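Starting from 1, each residue takes its place in the sequence as its number. These numbers come from the heavy atoms of this one structure, side chains and all, not from hydrogens, waters or symmetry mates. All of these numbers come straight from a predicted model, not from anything done at the bench.
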Amino acid sequence: MMVNRRMRIVGWVVLALVALGMAIPVAMAQQKPPYFASIDADKARMRTGPGRNYPSSWLYQRRDLPIKVIDIYGEWRKIEDPDGTQGWMLVNLLSPTRTAMVTGTVTEMRAAPNFNARINWRAAPGVVGRISKCSAGWCWFDVRGRGGYVEQSHIWGMEPGEALN
């Protein structure tokens with residue numbers, strides 16, 4: 001009797017873990033474009049059309065690179081990268097994790113979301129980091145454990161005025 005109870009508990013735990021693992025791809029599948037995501041692979045091919053039979057137009061070798069999903073066709077997503085290049089990529093190469101890339105000039109990463117706050121770090125154009133706590137034109141920008149608030153207008157990976165928890 002005790003063995004049956006343990007087996008049921010183990011079964012429920014396994015079922016919960018499987019459901020949790022499927023939640024992220026399902027969440028991305030339910031989003032309507034346009035929306036931002038990031039590359040979740042060390043190597044990811046962009047193709048000219050939504051299928052493996054289409055030629056590869058670009059090979060990305062930068063995990064966490066922010067991308068904008070602009071269309072959906074089955075398991076394929078038409079994406080746009082920070083340079084404006086567009087093409088198709090399999091959804092399993094993407095992550096809902098929000099990242100951004102510094103654009104323009106060197107930007108200051110501040111201790112608080114205002115111009116008078118202490119500067120924690122500076123980030124050069126092309127630096128990629130994870131973003132969170134975006135509001136009132138500022139975002140928390142974390143680059144491998146070094147973080148600070150940056151002006152939203154200095155990063156690519158968000159819509160102007162977009163808020164993010």
Side-chain angles (χ1 to χ4, degrees), residues 16-17 19-46 50 57-165:
L17 290 173
L20 182 63
M22 294 174 68
I24 291 174
V26 169
M28 280 187 66
Q30 293 174 348
Q31 281 186 291
K32 295 195 185 304
Y35 63 90
F36 284 93
S38 57
I39 293 179
D40 192 31
D42 292 325
K43 292 184 179 182
R45 292 192 184 281
M46 176 187 278
S57 58
W58 199 255
L59 175 63
Y60 293 89
Q61 297 185 64
R62 192 165 187 187
R63 184 182 293 269
D64 285 341
L65 183 74
I67 55 93
K68 185 175 189 177
V69 175
I70 55 176
D71 200 1
I72 296 174
Y73 183 81
E75 293 182 8
W76 292 86
R77 301 297 180 264
K78 187 172 187 182
I79 66 163
E80 181 176 324
D81 71 15
D83 293 328
T85 303
Q86 293 184 2
W88 293 87
M89 196 173 283
L90 272 170
V91 69
N92 65 350
L93 298 174
L94 305 177
S95 167
T97 300
R98 293 296 296 269
T99 63
M101 177 186 277
V102 174
T103 59
T105 62
V106 173
T107 192
E108 296 162 340
M109 300 167 63
R110 297 183 176 272
N114 65 62
F115 294 107
N116 297 326
R118 176 179 49 83
I119 298 171
N120 291 346
W121 310 97
R122 288 185 173 86
V127 169
V128 171
R130 294 182 180 218
I131 53 173
S132 60
K133 298 184 246 178
C134 299
S135 65
W138 293 86
C139 286
W140 179 259
F141 188 65
D142 184 300
V143 181
R144 296 183 185 166
R146 295 181 177 181
Y149 285 93
V150 298
E151 288 179 83
Q152 202 172 1
S153 62
H154 293 204
I155 56 175
W156 188 92
M158 297 204 59
E159 294 293 342
E162 181 183 1
L164 184 64
N165 292 329

State whether the number of non-hydrogen atoms from other residues, nucleotides or ligands found under 6.0 Å of Arg110 atom CZ is greater than 12.
yes
To the nearest 0.5 Å, what is the distance between CG (Asp81) and CD (Gln86)?
9.0 Å
Intermediate values then yes/no, side-chain contact (heavy atoms from CB on, under 4.5 Å), Asp40 and Arg63:
CA-CA 5 Å; Asp40 192 31; Arg63 184 182 293 269; 3.1 Å; yes
Is Arg77 salt-bridged to Asp71, going by a charged N under 4.0 Å from an acidic O?
no
To the nearest 0.5 angstrom, please state how far the OG atom of Ser38 sits from the CE atom of Met101.
12.0 Å
Pairwise side-chain contact, Arg130 with Asp64, heavy-atom cut-off 4.5 Å (strictly under):
yes
Could you walk me through whether Leu90 and Trp76 satisfy the side-chain contact (heavy atoms from CB on, under 4.5 Å) test, starting with their C-alpha distance in whole Å, then the side-chain angles of each, then the deciding distance to 0.1 Å, before giving a yes or no?
CA-CA 5 Å; Leu90 272 170; Trp76 292 86; 3.6 Å; yes
Quick check on Trp140: does its CH2 atom have over 12 non-hydrogen neighbours (other residues, nucleotides or ligands) under 6.0 Å away?
yes
Nearest non-hydrogen partners of Pro66 and Pro82, listed with the distance:
O-CD, 3.4 Å
Can Glu159 and Lys68 be said to form a side-chain contact (heavy atoms from CB on, under 4.5 Å), step by step?
CA-CA 10 Å; Glu159 294 293 342; Lys68 185 175 189 177; 2.9 Å; yes
Value rounded to 0.5 Å, distance of CD in Gln61 from CZ in Arg45:
9.0 Å
Taking all atoms of both residues into account, what is the closest heavy-atom pair of Pro33 and Ile72, and its distance?
CD-CD1, 3.8 Å
Using a 6.0 Å cut-off, check whether atom CG of Asn165 has over 12 heavy atoms from anything other than its own residue.
no
Could you tell me if the side chain of Glu151 sits less than 4.5 Å from the side chain of Trp138, heavy atoms only?
yes
Minimum heavy-atom distance Met109-Ala123, with the two atoms named:
SD-CB, 3.9 Å
With Trp156, which residues qualify under ring-ring contact (aromatic ring centres under 6.0 Å, His included), at least two apart?
Phe36
State, yes or no, whether a side-chain contact exists between Ser132 and Asp142 at a heavy-atom distance under 4.5 Å.
no
Which one of Thr99, Leu164, Val150 satisfies the side chain to side chain contact (heavy atoms under 4.5 Å, CB included) criterion with Ile131?
Leu164
Enter the distance from Ser95:OG to Leu65:CG here, rounded to the nearest 0.5 Å.
12.5 Å
For Val143 against Gly129, the heavy-atom pair lying closest together:
CG2-CA, 4.1 Å
What's the separation between atom CD1 in Ile39 and atom CG in Leu94, rounded to the nearest 0.5 Å?
7.0 Å
Could you tell me whether the side chain of Lys43 reaches within less than 4.5 Å of the side chain of Leu59, counting heavy atoms only?
yes
Should Ile67 and Tyr60 count as side-chain neighbours, where that means a heavy-atom distance under 4.5 Å?
no
Is a side-chain donor or acceptor of Glu75 paired with a backbone partner of Asn92 at a separation under 3.5 angstrom?
no
Please tell me if the side chains of Pro125 and Val106 come closer than 4.5 Å, counting only heavy atoms from C-beta onward.
yes
Kindly determine whether Phe141 and Thr107 satisfy side-chain contact (heavy atoms from CB on, under 4.5 Å), including the steps that lead there.
CA-CA 11 Å; Phe141 188 65; Thr107 192; 5.9 Å; no
Find the distance between NZ (Lys78) and CE (Met46) and round it off to the nearest 0.5 Å.
10.0 Å
Flag the pair Met158 / Arg98 as yes when at least one side-chain heavy-atom distance between them is below 4.5 Å, and no otherwise.
yes
Is it true that a side-chain atom of Asp83 and a backbone atom of Thr85 form a donor plus acceptor pair closer than 3.5 Å?
no
